[in-house]
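Note sheet for the following structure.
Residue numbers start from 1 in every chain, and the chains themselves are labelled A, B, ... in the order their sequence lines are given, proteins ahead of strands. Values reported hereafter were calculated over all heavy atoms of this structure, with side chains retained and with hydrogens, waters and symmetry mates removed.
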Amino acid sequence: MSTGTFDPEELEFLAEETMVTIIPSARYPLFYMLGGDVGPMEPSIPVPVPLWLAVHMRQRKQCRLVVPDWLAVEPLLKLKEDENNSPVFTSMPTKHYIEISQVILESFGDEIPHSNDIRRLTKDILDLRLAKLRASVDAFIKGSNVYAKVDNITEVELCSLRNLLTRGVDQLDMLRSAGTYRAPVAAATVEDSTTLSTNPGSAVRSSRLFSSDRNTSVNS
Amino acid sequence: MDGNDLETQPEDLNTSNTSETTTMQLLAELKDIWRNERFAPELLPHHVDLVDCLLEQVRVMEGNVGKARGKEPYRCHVHKMELNRIRFMLSNYLRCRLEKLELFTTHYRQLSAEQQEHFLSPAELTFLNNFADKTDELLTNSVAPYLPTGMPVLDAWKKNPARPKLDSFVFVQPKEVLEGVILDAGTQDGREEEIVTLEEGGQYLLRYSSVREHVMANRVLLM
């Protein structure tokens, strides 16, 4: 089922709308795109284009990429160190850092120096962040929270966590309301599984089972 | 036509000279609407005007690309790629809505006509009714006869159909400052409702029901 989340491919699709700068090797007049004009392109003159177009032109060997500043060994090392030293999530250079670095490395890898190091570093950063995220989710689910601030967490990270978190909480809601309403459950029929989980406020009634620390902020 | 349609595009497309920015805005809006539809547990109000308008733009553009083909193959190719991307977003958005209708058929069918008009486009309403009728027919003809008699499962199923889980958690990013967002409306065990202010551009995890109104009014992005 596609509702409730985005697939990694769809996230990549969204990230491909990001503008990047290329140095074209061919000449084209202005493109009147529905999403906004692109070009005109003159050889050796940098021009901003959406990432998907850059990838496509690259496949036809019609451009080189001006690699974004943050996508290099030094800045990534710094990011990794900051992430390591910070108890909260640090701000990433773009909210699509994973997708963009992946697309760029895949298509332009051979013109980027140290591309293997860069690939490893972005992976390291993601791993660090996912580990933090898992710890926060654990705290979030164990306290009966109703709200959390999740600033700076990027979409890939949210998506990797969504099934675990939202479905898990849905199940917990069901269990909690099942705990308070033993009687109706005994008469289980087809519709019970839906009524239990859609009963407004049902999660709250039994939440005294859990600690009352409700406002743990994932981010503080 | 001299085969230069792609370059004379703006005159072709623009009946008013603001329509270029409008298409851009429409596309940006589509992205938001698509995203919210994908993440929301229930059907959001339809945007049939926006969809029709964009489809029309895409069709006009496809016509132009078709005419210019042959003269400038690469330019056509680039335009086609963009059109395909837009078509993908549009159809994924619409398909996602149909999926929800298939999932919660009975629920949406039981809404008042007014509400149906608010949430469903005319075409979607036709789809819903057809789908519901066919499902009914199937159950009555091929399932009901084989159930033990007196088992009111089908009636019970109708009385209490699957409904969207409005209590599920979502990630939201407000587009503006939202004051007085009530968390956990309906608290019963003595704790008072909690009211928070959500900052513009912040990211929060909370129950969909707390921000439902804001999602409908397009004041927050789901993520």
Side-chain angles (χ1 to χ4, degrees), chain A residues 1-6 10 13-14 16-17 26 28-38 50 52-53 56-57 60 62 140 145-153 155 158 162 165-167 169-170 173 189-191 194-195 197-208 212 214-215 218, chain B residues 6-7 9-10 13 20 23-24 27 31 35 37-41 57-58 61 74-75 78-79 81-83 85-86 88 92 95-96 99-100 103 153 156-157 159-171 183-189 191 194 196 202-207 209-210 223:
Chain A
M1 188 172 84
S2 64
T3 50
T5 188
F6 271 132
E10 287 163 335
F13 175 89
L14 285 167
E16 281 171 356
E17 299 281 320
Y28 291 108
L30 201 59
F31 287 89
Y32 298 105
M33 310 287 259
L34 292 179
D37 297 348
V38 171
W52 61 264
L53 183 55
H56 185 250
M57 291 185 66
R60 308 184 136 231
Q62 289 185 326
F140 181 81
N145 301 292
V146 287
Y147 158 78
K149 208 155 183 295
V150 292
D151 284 352
N152 289 338
I153 303 181
E155 227 166 331
L158 291 180
R162 189 181 319 272
L165 181 65
T166 54
R167 304 246 165 98
V169 175
D170 279 352
D173 281 357
T189 51
V190 184
E191 75 272 16
T194 53
T195 45
S197 53
T198 54
N199 199 342
S202 58
V204 180
R205 279 179 202 117
S206 59
S207 52
R208 77 184 83 84
S212 58
R214 318 165 70 201
N215 260 344
V218 173
Chain B
L6 292 175
E7 278 155 54
Q9 184 75 47
L13 266 183
E20 202 177 345
T23 311
M24 269 174 75
L27 277 175
K31 245 177 259 169
R35 155 185 297 274
E37 193 70 57
R38 283 293 296 269
F39 287 131
Q57 301 268 17
V58 168
M61 194 70 179
Y74 186 65
R75 285 178 75 79
V78 169
H79 284 285
M81 277 180 74
E82 192 198 22
L83 294 173
R85 290 175 67 87
I86 298 173
F88 169 75
N92 193 294
R95 201 176 307 125
C96 167
E99 223 167 78
K100 289 184 190 177
L103 219 51
V153 177
W157 178 65
K159 260 182 233 140
N160 214 331
R163 293 182 209 281
K165 290 183 185 174
L166 301 186
D167 272 343
S168 37
F169 274 90
V170 289
F171 296 103
L183 302 173
D184 245 358
T187 301
Q188 299 212 338
D189 58 351
R191 303 187 307 210
E194 231 170 289
V196 291
Q203 295 178 184
Y204 302 89
L205 171 66
L206 34 70
R207 289 188 192 277
S209 47
S210 311
M223 44 193 306

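- Taking both residues in full, the closest heavy atoms of B/Tyr204 and A/Val150 are given as N-CG2, 3.7 Å, listed atom of the first, atom of the second, then distance.
- A distance of 7.0 Å separates CG in B/Asn92 from CZ in A/Phe6, rounded to the nearest 0.5 Å.
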ask   = Does the pair B/Met81 and A/Leu53 meet the rule for a side chain to side chain contact (heavy atoms under 4.5 Å, CB included), with working shown?
value = CA-CA 9 Å; B/Met81 277 180 74; A/Leu53 183 55; 5.6 Å; no
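- Judged by distance alone, the side chain of A/Glu155 and the main-chain N or O of B/Met223 form no donor-acceptor pair under 3.5 Å.
- Contact annotation for B/Lys31: only side-chain heavy atoms (C-beta onward) come within less than 4.5 Å of a heavy atom of chain A.
- A distance of 4.5 Å separates OH in B/Tyr74 from CD in A/Gln62, rounded to the nearest 0.5 Å.
- Listed here is the closest heavy atom pair of A/Tyr32 and B/Met61: O-CE, 3.4 Å.
- If you take NZ on A/Lys149 and CD on B/Gln203, they are separated by 9.0 Å, rounding to the nearest 0.5 Å.
- No other option in B/Leu206, B/Leu27, B/Val78, B/Ile86 has as many heavy-atom pairs under 4.5 Å with chain A as B/Val78.
- A distance-only check finds no donor-acceptor pair linking the side chain of A/Arg162 to the backbone of B/Phe171 [under 3.5 Å].
- Geometrically, B/Arg85 engages A/Phe13 in a cation-pi contact, judged by NZ or CZ lying under 6.0 Å from the ring centre and within 45° of the ring axis.
- Both the backbone and the side chain of A/Glu17 have a heavy atom closer than 4.5 Å to some heavy atom of chain B.
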